[in-house]
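Letters go in sequence order (proteins before strands), and every chain restarts at 1. FYI, side chains are in, hydrogens and waters are out, and symmetry mates aren't considered; it's all heavy atoms of this structure.
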2 protein chains.
Amino acid sequence: MSTAEETAGGEAQPWGEVTPDAARRLLLAAVEAFAERGYHATTTRDIAGRAGMSPAALYIHYKTKEELLHRISRIGHEKALEVLRTASRAEGSPTERLAGAVSSFVRWHAGGRTTARVVQYELDSLGPEARAEIRELRRQVDAEVRGIIEEGARSGEFDIVDVHGTTLAVLSLCIDVARWFKVDGPRTPEEVGALYADLVLRMVGVTDPGATRK
Amino acid sequence: MSTAEETAGGEAQPWGEVTPDAARRLLLAAVEAFAERGYHATTTRDIAGRAGMSPAALYIHYKTKEELLHRISRIGHEKALEVLRTASRAEGSPTERLAGAVSSFVRWHAGGRTTARVVQYELDSLGPEARAEIRELRRQVDAEVRGIIEEGARSGEFDIVDVHGTTLAVLSLCIDVARWFKVDGPRTPEEVGALYADLVLRMVGVTDPGATRK
DNA sequence: GGGCTCGCTAAGCGACCGCTCACCTTTGCC
DNA sequence: GGCAAAGGTGAGCGGTCGCTTAGCGAGCCC
(Lines give C-alpha, C1' and ligand atoms only; values in the text may rest on other atoms or scores of the structure.)
Protein backbone atom coordinates (compact mmCIF):
# COMPACT_ATOMS: atom_id res chain seq x y z
CA MET A 1 0.00 0.00 0.00
CA SER A 2 2.78 2.42 0.90
CA THR A 3 5.29 1.00 -1.55
CA ALA A 4 6.66 3.16 -4.34
CA GLU A 5 4.90 1.15 -7.01
CA GLU A 6 2.40 3.74 -8.12
CA THR A 7 2.85 5.02 -11.63
CA ALA A 8 2.54 8.74 -12.23
CA GLY A 9 -0.01 8.26 -15.00
CA GLY A 10 -2.94 7.15 -12.96
CA GLU A 11 -2.58 3.40 -12.68
CA ALA A 12 -2.08 2.85 -8.97
CA GLN A 13 -0.58 -0.58 -8.31
CA PRO A 14 -2.12 -2.33 -11.24
CA TRP A 15 -2.33 -6.11 -11.47
CA GLY A 16 -1.92 -6.29 -7.71
CA GLU A 17 -4.45 -9.10 -7.65
CA VAL A 18 -2.28 -11.35 -9.81
CA THR A 19 -0.22 -13.83 -7.79
CA PRO A 20 2.33 -15.22 -7.39
CA ASP A 21 4.91 -12.57 -8.10
CA ALA A 22 6.43 -14.36 -11.09
CA ALA A 23 3.00 -14.63 -12.71
CA ARG A 24 2.45 -10.90 -12.25
CA ARG A 25 5.83 -10.03 -13.72
CA LEU A 26 5.09 -12.16 -16.75
CA LEU A 27 1.66 -10.59 -17.17
CA LEU A 28 3.07 -7.10 -16.88
CA ALA A 29 5.75 -7.94 -19.45
CA ALA A 30 3.04 -9.28 -21.75
CA VAL A 31 0.97 -6.10 -21.41
CA GLU A 32 3.96 -3.99 -22.44
CA ALA A 33 4.87 -6.24 -25.32
CA PHE A 34 1.30 -6.58 -26.63
CA ALA A 35 0.78 -2.82 -26.41
CA GLU A 36 4.02 -2.06 -28.26
CA ARG A 37 3.90 -4.61 -31.02
CA GLY A 38 0.50 -6.27 -30.90
CA TYR A 39 -0.42 -9.76 -29.78
CA HIS A 40 0.57 -11.66 -32.91
CA ALA A 41 3.89 -9.87 -33.34
CA THR A 42 4.89 -10.62 -29.75
CA THR A 43 6.75 -13.86 -29.08
CA THR A 44 6.64 -15.88 -25.89
CA ARG A 45 10.43 -15.54 -25.78
CA ASP A 46 10.06 -11.76 -25.75
CA ILE A 47 7.56 -11.82 -22.89
CA ALA A 48 9.70 -14.19 -20.80
CA GLY A 49 12.81 -12.14 -21.59
CA ARG A 50 11.19 -8.89 -20.40
CA ALA A 51 10.24 -10.65 -17.17
CA GLY A 52 13.82 -11.88 -16.75
CA MET A 53 12.94 -15.52 -17.23
CA SER A 54 13.48 -18.34 -19.66
CA PRO A 55 10.83 -19.03 -22.33
CA ALA A 56 9.70 -22.19 -20.56
CA ALA A 57 8.89 -20.34 -17.32
CA LEU A 58 5.85 -18.80 -18.97
CA TYR A 59 4.16 -22.18 -19.25
CA ILE A 60 4.37 -22.86 -15.53
CA HIS A 61 1.97 -19.98 -14.85
CA TYR A 62 -0.07 -19.86 -18.07
CA LYS A 63 -1.26 -22.66 -20.30
CA THR A 64 -0.87 -20.72 -23.53
CA LYS A 65 0.05 -17.29 -24.84
CA GLU A 66 -3.64 -16.70 -25.45
CA GLU A 67 -4.44 -17.29 -21.78
CA LEU A 68 -2.17 -14.35 -20.97
CA LEU A 69 -4.13 -12.10 -23.31
CA HIS A 70 -7.41 -13.41 -21.95
CA ARG A 71 -6.42 -12.64 -18.34
CA ILE A 72 -5.16 -9.18 -19.29
CA SER A 73 -8.31 -8.45 -21.22
CA ARG A 74 -10.68 -9.64 -18.51
CA ILE A 75 -8.96 -7.86 -15.63
CA GLY A 76 -8.57 -4.74 -17.76
CA HIS A 77 -12.22 -4.67 -18.73
CA GLU A 78 -13.27 -5.24 -15.13
CA LYS A 79 -11.11 -2.32 -14.00
CA ALA A 80 -12.45 -0.07 -16.72
CA LEU A 81 -16.02 -1.03 -15.86
CA GLU A 82 -15.36 -0.36 -12.18
CA VAL A 83 -13.94 3.08 -12.93
CA LEU A 84 -16.96 3.89 -15.05
CA ARG A 85 -19.47 2.54 -12.52
CA THR A 86 -17.97 4.44 -9.62
CA ALA A 87 -18.35 7.67 -11.54
CA SER A 88 -21.72 7.01 -13.11
CA ARG A 89 -23.36 5.87 -9.85
CA ALA A 90 -22.15 8.83 -7.84
CA GLU A 91 -24.60 11.40 -6.58
CA GLY A 92 -25.55 14.29 -8.80
CA SER A 93 -27.47 15.29 -11.89
CA PRO A 94 -27.08 13.39 -15.16
CA THR A 95 -24.93 16.30 -16.36
CA GLU A 96 -22.54 15.95 -13.44
CA ARG A 97 -22.45 12.17 -13.63
CA LEU A 98 -21.88 12.09 -17.39
CA ALA A 99 -19.04 14.59 -17.06
CA GLY A 100 -17.55 12.56 -14.23
CA ALA A 101 -17.90 9.27 -16.06
CA VAL A 102 -16.32 10.60 -19.24
CA SER A 103 -13.44 12.27 -17.48
CA SER A 104 -12.73 9.17 -15.37
CA PHE A 105 -12.98 6.83 -18.31
CA VAL A 106 -10.73 9.04 -20.42
CA ARG A 107 -8.21 9.37 -17.61
CA TRP A 108 -8.12 5.59 -17.34
CA HIS A 109 -7.47 5.21 -21.06
CA ALA A 110 -4.83 7.94 -21.15
CA GLY A 111 -3.04 7.18 -17.90
CA GLY A 112 -3.06 3.45 -18.36
CA ARG A 113 -2.59 3.71 -22.06
CA THR A 114 -0.43 0.56 -22.25
CA THR A 115 -3.12 -1.60 -20.70
CA ALA A 116 -5.97 0.20 -22.45
CA ARG A 117 -4.39 -0.39 -25.81
CA VAL A 118 -4.33 -4.13 -25.29
CA VAL A 119 -7.81 -4.13 -23.81
CA GLN A 120 -9.37 -2.15 -26.64
CA TYR A 121 -7.48 -3.30 -29.70
CA GLU A 122 -6.56 -6.96 -29.19
CA LEU A 123 -10.10 -8.26 -28.74
CA ASP A 124 -10.05 -10.04 -32.09
CA SER A 125 -6.95 -12.00 -31.15
CA LEU A 126 -8.91 -13.94 -28.54
CA GLY A 127 -10.57 -17.26 -29.25
CA PRO A 128 -14.36 -17.49 -29.59
CA GLU A 129 -15.31 -18.31 -25.96
CA ALA A 130 -12.93 -15.78 -24.46
CA ARG A 131 -14.15 -13.16 -26.90
CA ALA A 132 -17.75 -13.88 -25.96
CA GLU A 133 -16.95 -13.42 -22.27
CA ILE A 134 -15.26 -10.09 -22.92
CA ARG A 135 -18.10 -8.90 -25.13
CA GLU A 136 -20.46 -9.32 -22.20
CA LEU A 137 -18.29 -6.98 -20.13
CA ARG A 138 -18.30 -4.48 -22.97
CA ARG A 139 -22.08 -4.67 -23.13
CA GLN A 140 -22.12 -3.65 -19.48
CA VAL A 141 -19.82 -0.71 -20.20
CA ASP A 142 -22.18 0.40 -22.91
CA ALA A 143 -25.23 0.01 -20.66
CA GLU A 144 -23.63 2.14 -17.96
CA VAL A 145 -23.13 5.11 -20.27
CA ARG A 146 -26.45 4.64 -21.98
CA GLY A 147 -28.15 4.71 -18.59
CA ILE A 148 -26.91 8.19 -17.80
CA ILE A 149 -27.77 9.50 -21.24
CA GLU A 150 -31.28 8.02 -21.11
CA GLU A 151 -31.89 9.57 -17.73
CA GLY A 152 -30.71 12.98 -18.86
CA ALA A 153 -32.89 12.71 -21.95
CA ARG A 154 -35.96 11.73 -19.92
CA SER A 155 -35.50 14.55 -17.46
CA GLY A 156 -35.11 17.03 -20.29
CA GLU A 157 -31.67 17.99 -19.07
CA PHE A 158 -30.15 16.64 -22.28
CA ASP A 159 -31.30 17.27 -25.82
CA ILE A 160 -30.75 14.03 -27.68
CA VAL A 161 -32.00 12.79 -31.03
CA ASP A 162 -30.57 9.26 -30.96
CA VAL A 163 -29.74 7.75 -27.55
CA HIS A 164 -27.99 4.65 -28.89
CA GLY A 165 -26.03 6.61 -31.48
CA THR A 166 -24.95 9.21 -28.97
CA THR A 167 -23.88 6.53 -26.49
CA LEU A 168 -21.86 4.89 -29.22
CA ALA A 169 -20.17 8.17 -30.11
CA VAL A 170 -19.35 9.02 -26.50
CA LEU A 171 -17.77 5.64 -25.86
CA SER A 172 -16.01 5.73 -29.21
CA LEU A 173 -14.47 9.08 -28.37
CA CYS A 174 -13.20 7.82 -25.02
CA ILE A 175 -11.87 4.51 -26.31
CA ASP A 176 -9.96 6.10 -29.18
CA VAL A 177 -7.87 7.96 -26.62
CA ALA A 178 -5.90 4.74 -26.17
CA ARG A 179 -4.90 4.90 -29.84
CA TRP A 180 -3.49 8.40 -30.00
CA PHE A 181 -2.48 9.36 -26.46
CA LYS A 182 1.27 9.65 -25.87
CA VAL A 183 2.72 9.97 -22.38
CA ASP A 184 5.26 12.54 -23.59
CA GLY A 185 2.63 14.46 -25.54
CA PRO A 186 1.42 17.99 -24.79
CA ARG A 187 -1.54 16.99 -22.61
CA THR A 188 -1.90 15.20 -19.28
CA PRO A 189 -4.61 12.57 -18.81
CA GLU A 190 -6.43 15.03 -16.53
CA GLU A 191 -6.47 17.73 -19.20
CA VAL A 192 -7.78 15.36 -21.84
CA GLY A 193 -10.41 14.11 -19.39
CA ALA A 194 -11.62 17.65 -18.69
CA LEU A 195 -11.62 18.61 -22.38
CA TYR A 196 -13.52 15.51 -23.39
CA ALA A 197 -16.06 15.86 -20.60
CA ASP A 198 -16.80 19.35 -21.87
CA LEU A 199 -17.11 18.17 -25.49
CA VAL A 200 -19.41 15.32 -24.50
CA LEU A 201 -21.70 17.66 -22.57
CA ARG A 202 -21.99 19.74 -25.70
CA MET A 203 -22.84 16.60 -27.67
CA VAL A 204 -25.77 15.89 -25.37
CA GLY A 205 -27.00 19.44 -25.63
CA VAL A 206 -25.87 20.91 -22.32
CA THR A 207 -24.79 24.43 -23.12
CA ASP A 208 -24.21 25.63 -19.59
CA PRO A 209 -22.70 22.89 -17.41
CA GLY A 210 -22.97 25.11 -14.32
CA ALA A 211 -26.76 25.35 -14.56
CA THR A 212 -27.45 22.06 -12.78
CA ARG A 213 -25.01 22.60 -9.96
CA LYS A 214 -26.95 24.25 -7.09
CA MET B 1 -16.15 2.60 -65.84
CA SER B 2 -19.51 1.00 -66.51
CA THR B 3 -18.57 -2.37 -65.06
CA ALA B 4 -20.51 -3.75 -62.13
CA GLU B 5 -17.57 -3.41 -59.78
CA GLU B 6 -18.97 -0.78 -57.50
CA THR B 7 -19.55 -1.89 -53.93
CA ALA B 8 -22.78 -0.90 -52.28
CA GLY B 9 -21.02 0.54 -49.27
CA GLY B 10 -19.51 3.62 -50.80
CA GLU B 11 -16.18 2.48 -52.22
CA ALA B 12 -16.64 2.95 -55.93
CA GLN B 13 -14.13 0.84 -57.85
CA PRO B 14 -11.33 1.01 -55.32
CA TRP B 15 -7.72 0.23 -56.19
CA GLY B 16 -8.54 0.89 -59.83
CA GLU B 17 -5.18 2.59 -60.17
CA VAL B 18 -3.28 -0.57 -59.27
CA THR B 19 -2.07 -2.49 -62.30
CA PRO B 20 -1.65 -5.10 -63.61
CA ASP B 21 -4.74 -7.04 -62.75
CA ALA B 22 -2.90 -9.73 -60.77
CA ALA B 23 -1.23 -7.09 -58.62
CA ARG B 24 -4.62 -5.54 -57.85
CA ARG B 25 -6.13 -8.90 -56.95
CA LEU B 26 -3.25 -9.58 -54.59
CA LEU B 27 -3.57 -6.16 -53.01
CA LEU B 28 -7.31 -6.56 -52.55
CA ALA B 29 -6.75 -9.98 -50.96
CA ALA B 30 -4.17 -8.43 -48.64
CA VAL B 31 -6.57 -5.66 -47.60
CA GLU B 32 -9.19 -8.22 -46.65
CA ALA B 33 -6.76 -10.44 -44.79
CA PHE B 34 -5.08 -7.57 -42.94
CA ALA B 35 -8.44 -6.13 -41.93
CA GLU B 36 -9.71 -9.48 -40.68
CA ARG B 37 -6.71 -10.77 -38.82
CA GLY B 38 -4.15 -7.98 -38.68
CA TYR B 39 -0.89 -7.64 -40.57
CA HIS B 40 1.26 -9.90 -38.41
CA ALA B 41 -1.32 -12.67 -38.19
CA THR B 42 -1.71 -12.75 -41.96
CA THR B 43 0.55 -15.07 -43.94
CA THR B 44 1.74 -14.54 -47.49
CA ARG B 45 0.27 -17.94 -48.29
CA ASP B 46 -3.13 -16.69 -47.13
CA ILE B 47 -2.94 -13.58 -49.29
CA ALA B 48 -1.88 -15.52 -52.37
CA GLY B 49 -4.54 -18.14 -51.70
CA ARG B 50 -7.32 -15.54 -51.52
CA ALA B 51 -6.13 -14.14 -54.84
CA GLY B 52 -6.18 -17.64 -56.33
CA MET B 53 -2.43 -17.83 -56.81
CA SER B 54 0.56 -19.72 -55.48
CA PRO B 55 2.58 -18.18 -52.63
CA ALA B 56 5.46 -17.38 -54.98
CA ALA B 57 3.28 -15.25 -57.27
CA LEU B 58 3.13 -12.55 -54.64
CA TYR B 59 6.84 -11.85 -55.03
CA ILE B 60 6.57 -11.16 -58.74
CA HIS B 61 4.52 -8.04 -58.01
CA TYR B 62 5.74 -7.04 -54.55
CA LYS B 63 9.19 -7.22 -53.01
CA THR B 64 7.99 -8.04 -49.51
CA LYS B 65 4.83 -8.46 -47.48
CA GLU B 66 5.55 -5.05 -45.96
CA GLU B 67 5.52 -3.40 -49.38
CA LEU B 68 1.94 -4.58 -49.76
CA LEU B 69 0.97 -2.90 -46.50
CA HIS B 70 2.87 0.23 -47.47
CA ARG B 71 1.06 0.52 -50.80
CA ILE B 72 -2.32 -0.10 -49.18
CA SER B 73 -1.60 2.46 -46.51
CA ARG B 74 -0.37 5.16 -48.89
CA ILE B 75 -3.17 4.80 -51.41
CA GLY B 76 -5.72 4.57 -48.60
CA HIS B 77 -4.48 7.70 -46.90
CA GLU B 78 -4.41 9.56 -50.20
CA LYS B 79 -8.01 8.57 -50.86
CA ALA B 80 -9.10 9.59 -47.39
CA LEU B 81 -7.31 12.91 -47.72
CA GLU B 82 -8.92 13.52 -51.10
CA VAL B 83 -12.39 12.81 -49.71
CA LEU B 84 -11.78 15.20 -46.85
CA ARG B 85 -10.30 17.95 -49.07
CA THR B 86 -13.14 17.82 -51.55
CA ALA B 87 -15.61 18.39 -48.74
CA SER B 88 -13.62 20.92 -46.75
CA ARG B 89 -12.79 23.10 -49.76
CA ALA B 90 -16.33 23.24 -51.05
CA GLU B 91 -18.25 26.48 -50.95
CA GLY B 92 -20.14 27.41 -47.84
CA SER B 93 -19.85 28.55 -44.27
CA PRO B 94 -17.49 26.79 -41.83
CA THR B 95 -20.57 25.14 -40.35
CA GLU B 96 -21.62 23.69 -43.68
CA ARG B 97 -18.10 22.67 -44.61
CA LEU B 98 -17.39 21.02 -41.25
CA ALA B 99 -20.63 19.07 -41.45
CA GLY B 100 -19.81 18.03 -45.01
CA ALA B 101 -16.26 17.05 -44.15
CA VAL B 102 -17.28 14.97 -41.15
CA SER B 103 -20.09 13.21 -42.93
CA SER B 104 -17.86 12.42 -45.94
CA PHE B 105 -14.99 11.26 -43.79
CA VAL B 106 -17.27 9.08 -41.68
CA ARG B 107 -18.95 7.63 -44.76
CA TRP B 108 -15.52 6.73 -46.09
CA HIS B 109 -14.57 4.97 -42.86
CA ALA B 110 -17.88 3.14 -42.57
CA GLY B 111 -18.42 2.25 -46.23
CA GLY B 112 -14.83 1.24 -46.85
CA ARG B 113 -14.41 -0.21 -43.42
CA THR B 114 -12.11 -3.00 -44.60
CA THR B 115 -9.63 -0.57 -46.10
CA ALA B 116 -10.04 1.98 -43.34
CA ARG B 117 -9.26 -0.58 -40.69
CA VAL B 118 -5.91 -1.38 -42.29
CA VAL B 119 -5.17 2.28 -42.94
CA GLN B 120 -5.94 3.39 -39.40
CA TYR B 121 -4.76 0.48 -37.28
CA GLU B 122 -1.76 -1.08 -39.00
CA LEU B 123 0.42 2.01 -39.06
CA ASP B 124 2.81 0.60 -36.46
CA SER B 125 3.47 -2.48 -38.55
CA LEU B 126 5.28 -0.37 -41.14
CA GLY B 127 9.02 0.20 -41.12
CA PRO B 128 10.48 3.58 -40.06
CA GLU B 129 10.70 5.29 -43.48
CA ALA B 130 7.31 4.10 -44.64
CA ARG B 131 5.79 5.15 -41.34
CA ALA B 132 7.33 8.62 -41.66
CA GLU B 133 5.85 9.02 -45.14
CA ILE B 134 2.39 8.05 -43.91
CA ARG B 135 2.65 10.32 -40.90
CA GLU B 136 3.10 13.28 -43.25
CA LEU B 137 -0.17 12.39 -44.96
CA ARG B 138 -1.86 12.19 -41.58
CA ARG B 139 -0.52 15.61 -40.69
CA GLN B 140 -2.25 16.94 -43.79
CA VAL B 141 -5.52 15.29 -42.76
CA ASP B 142 -5.23 16.97 -39.39
CA ALA B 143 -4.44 20.35 -40.98
CA GLU B 144 -7.49 20.14 -43.21
CA VAL B 145 -9.91 19.71 -40.31
CA ARG B 146 -8.10 22.21 -38.11
CA GLY B 147 -8.37 24.76 -40.91
CA ILE B 148 -12.15 24.67 -40.92
CA ILE B 149 -12.37 24.80 -37.14
CA GLU B 150 -9.95 27.73 -36.93
CA GLU B 151 -11.93 29.63 -39.52
CA GLY B 152 -15.20 29.02 -37.72
CA ALA B 153 -13.63 30.07 -34.44
CA ARG B 154 -12.24 33.29 -35.96
CA SER B 155 -15.53 34.23 -37.56
CA GLY B 156 -17.34 33.66 -34.28
CA GLU B 157 -19.52 31.02 -35.90
CA PHE B 158 -18.02 28.36 -33.60
CA ASP B 159 -17.51 28.58 -29.87
CA ILE B 160 -14.25 26.76 -29.19
CA VAL B 161 -12.00 26.68 -26.14
CA ASP B 162 -9.17 24.54 -27.52
CA VAL B 163 -8.78 24.39 -31.32
CA HIS B 164 -6.15 21.65 -31.34
CA GLY B 165 -7.97 19.56 -28.78
CA THR B 166 -11.26 19.88 -30.60
CA THR B 167 -9.64 18.95 -33.92
CA LEU B 168 -8.14 15.89 -32.27
CA ALA B 169 -11.51 14.86 -30.86
CA VAL B 170 -13.33 15.34 -34.16
CA LEU B 171 -10.79 13.25 -36.07
CA SER B 172 -10.69 10.69 -33.31
CA LEU B 173 -14.45 10.28 -33.45
CA CYS B 174 -14.38 9.77 -37.22
CA ILE B 175 -11.44 7.38 -37.24
CA ASP B 176 -12.87 5.16 -34.53
CA VAL B 177 -15.80 4.39 -36.83
CA ALA B 178 -13.49 1.94 -38.60
CA ARG B 179 -13.14 0.00 -35.34
CA TRP B 180 -16.79 -0.53 -34.49
CA PHE B 181 -18.76 -0.23 -37.73
CA LYS B 182 -20.27 -3.47 -39.02
CA VAL B 183 -21.75 -3.76 -42.49
CA ASP B 184 -24.63 -5.84 -41.15
CA GLY B 185 -25.22 -3.51 -38.22
CA PRO B 186 -28.29 -1.34 -37.66
CA ARG B 187 -26.93 1.79 -39.35
CA THR B 188 -25.91 2.66 -42.89
CA PRO B 189 -22.73 4.69 -43.51
CA GLU B 190 -24.95 7.61 -44.53
CA GLU B 191 -26.87 7.52 -41.26
CA VAL B 192 -23.70 7.44 -39.19
CA GLY B 193 -22.27 10.27 -41.26
CA ALA B 194 -25.34 12.44 -40.65
CA LEU B 195 -25.45 11.60 -36.93
CA TYR B 196 -21.77 12.35 -36.47
CA ALA B 197 -21.93 15.60 -38.43
CA ASP B 198 -24.67 16.73 -36.07
CA LEU B 199 -22.71 15.70 -32.97
CA VAL B 200 -19.58 17.46 -34.22
CA LEU B 201 -21.47 20.68 -34.86
CA ARG B 202 -22.66 20.54 -31.27
CA MET B 203 -19.04 20.02 -30.16
CA VAL B 204 -17.99 23.24 -31.87
CA GLY B 205 -20.86 25.16 -30.34
CA VAL B 206 -23.26 25.39 -33.25
CA THR B 207 -26.70 25.02 -31.73
CA ASP B 208 -28.75 25.78 -34.81
CA PRO B 209 -27.14 24.38 -37.96
CA GLY B 210 -29.75 26.04 -40.13
CA ALA B 211 -28.77 29.52 -39.03
CA THR B 212 -25.88 29.92 -41.48
CA ARG B 213 -27.74 28.61 -44.48
CA LYS B 214 -29.26 31.67 -46.17
C1' DG C 1 19.05 -35.67 6.56
C1' DG C 2 16.52 -38.19 3.07
C1' DG C 3 12.79 -37.54 0.17
C1' DC C 4 9.30 -34.61 -1.97
C1' DT C 5 7.49 -30.61 -3.94
C1' DC C 6 7.88 -26.40 -6.46
C1' DG C 7 9.79 -22.99 -9.58
C1' DC C 8 12.75 -22.78 -13.00
C1' DT C 9 16.20 -23.74 -17.00
C1' DA C 10 18.52 -25.85 -21.24
C1' DA C 11 17.59 -28.09 -25.07
C1' DG C 12 14.89 -29.11 -28.62
C1' DC C 13 10.53 -30.84 -31.37
C1' DG C 14 7.38 -30.27 -35.10
C1' DA C 15 5.15 -26.77 -37.55
C1' DC C 16 4.99 -22.89 -40.14
C1' DC C 17 6.90 -18.45 -41.39
C1' DG C 18 8.78 -15.04 -45.31
C1' DC C 19 10.99 -15.61 -49.18
C1' DT C 20 13.89 -17.84 -53.25
C1' DC C 21 14.94 -20.54 -57.18
C1' DA C 22 14.74 -23.58 -61.10
C1' DC C 23 11.64 -24.34 -64.35
C1' DC C 24 7.28 -24.13 -67.18
C1' DT C 25 3.65 -21.86 -70.10
C1' DT C 26 1.66 -18.12 -72.69
C1' DT C 27 2.02 -14.10 -75.58
C1' DG C 28 3.59 -11.00 -79.13
C1' DC C 29 7.03 -9.77 -82.60
C1' DC C 30 9.94 -10.68 -86.71
C1' DG D 1 8.63 -21.02 -86.75
C1' DG D 2 12.18 -19.05 -83.54
C1' DC D 3 12.61 -16.65 -79.46
C1' DA D 4 12.66 -13.37 -75.76
C1' DA D 5 9.96 -11.28 -72.20
C1' DA D 6 6.39 -11.66 -68.79
C1' DG D 7 3.79 -14.10 -65.46
C1' DG D 8 3.19 -18.10 -63.15
C1' DT D 9 4.20 -22.78 -60.34
C1' DG D 10 6.27 -26.58 -57.05
C1' DA D 11 9.56 -27.47 -54.07
C1' DG D 12 12.12 -26.09 -50.51
C1' DC D 13 15.66 -23.18 -47.62
C1' DG D 14 16.93 -21.07 -43.32
C1' DG D 15 14.91 -19.30 -39.51
C1' DT D 16 11.64 -18.65 -35.87
C1' DC D 17 7.40 -19.79 -33.75
C1' DG D 18 4.48 -21.88 -29.63
C1' DC D 19 5.14 -25.24 -26.68
C1' DT D 20 7.25 -29.69 -24.27
C1' DT D 21 10.33 -32.46 -21.72
C1' DA D 22 14.11 -33.97 -18.77
C1' DG D 23 16.49 -32.55 -15.17
C1' DC D 24 18.41 -29.21 -11.51
C1' DG D 25 18.64 -26.68 -7.05
C1' DA D 26 16.41 -24.55 -3.09
C1' DG D 27 13.19 -25.01 0.66
C1' DC D 28 10.19 -27.77 3.85
C1' DC D 29 8.34 -31.78 6.57
C1' DC D 30 9.16 -35.51 9.63
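Mapping A:Gly52 and B:Leu58 onto DNA chain C by nearest heavy atom places A:Gly52 at the nucleotide closer to the 5' end. For the pair A:Ala23 and B:Thr42, nearest-nucleotide mapping onto DNA chain C gives the more 5' position to A:Ala23.
Between D:dC19 and A:Thr44, no contact under 4.0 Å exists linking OP1 or OP2 to a side-chain N or O. In terms of phosphate contacts, A:His61 brings a side-chain nitrogen or oxygen within less than 4.0 Å of OP1 or OP2 of C:dC8. Note on A:Tyr59: a side-chain N or O is less than 4.0 Å away from OP1 or OP2 of D:dC19.
Here A:Arg139 pairs with A:Glu136 in a salt bridge; the nearest charged N to carboxylate O distance falls below 4.0 Å. In summary, A:Glu144 and A:Arg89 engage in a salt bridge, as defined by a charged side-chain N under 4.0 Å from a carboxylate O.
The CZ-C1' distance, from A:Arg45 to D:dC17, rounds to 6 Å in whole Å. Going from atom CD1 of A:Ile47 over to atom P of C:dC8 covers 16 Å, rounded to whole Å. The distance from atom OH of A:Tyr62 to atom P of D:dC19 is 14 Å, rounded to the nearest whole Å. In this structure, B:Ile60 places its CD1 atom 15 Å from P of C:dA22, rounding to the nearest Å.
Within 4.0 Å of A:Ser54, counting heavy atoms only, lies at least one base atom of the nucleic acid.
When all heavy atoms of A:Ile72 and A:Ala30 are compared, the pair lying nearest together is CD1-CB, 3.9 Å.
Between B:Phe105 and B:His109, the ring planes are perpendicular. Angles over 60° get that label, and only those under 30° would be called parallel.
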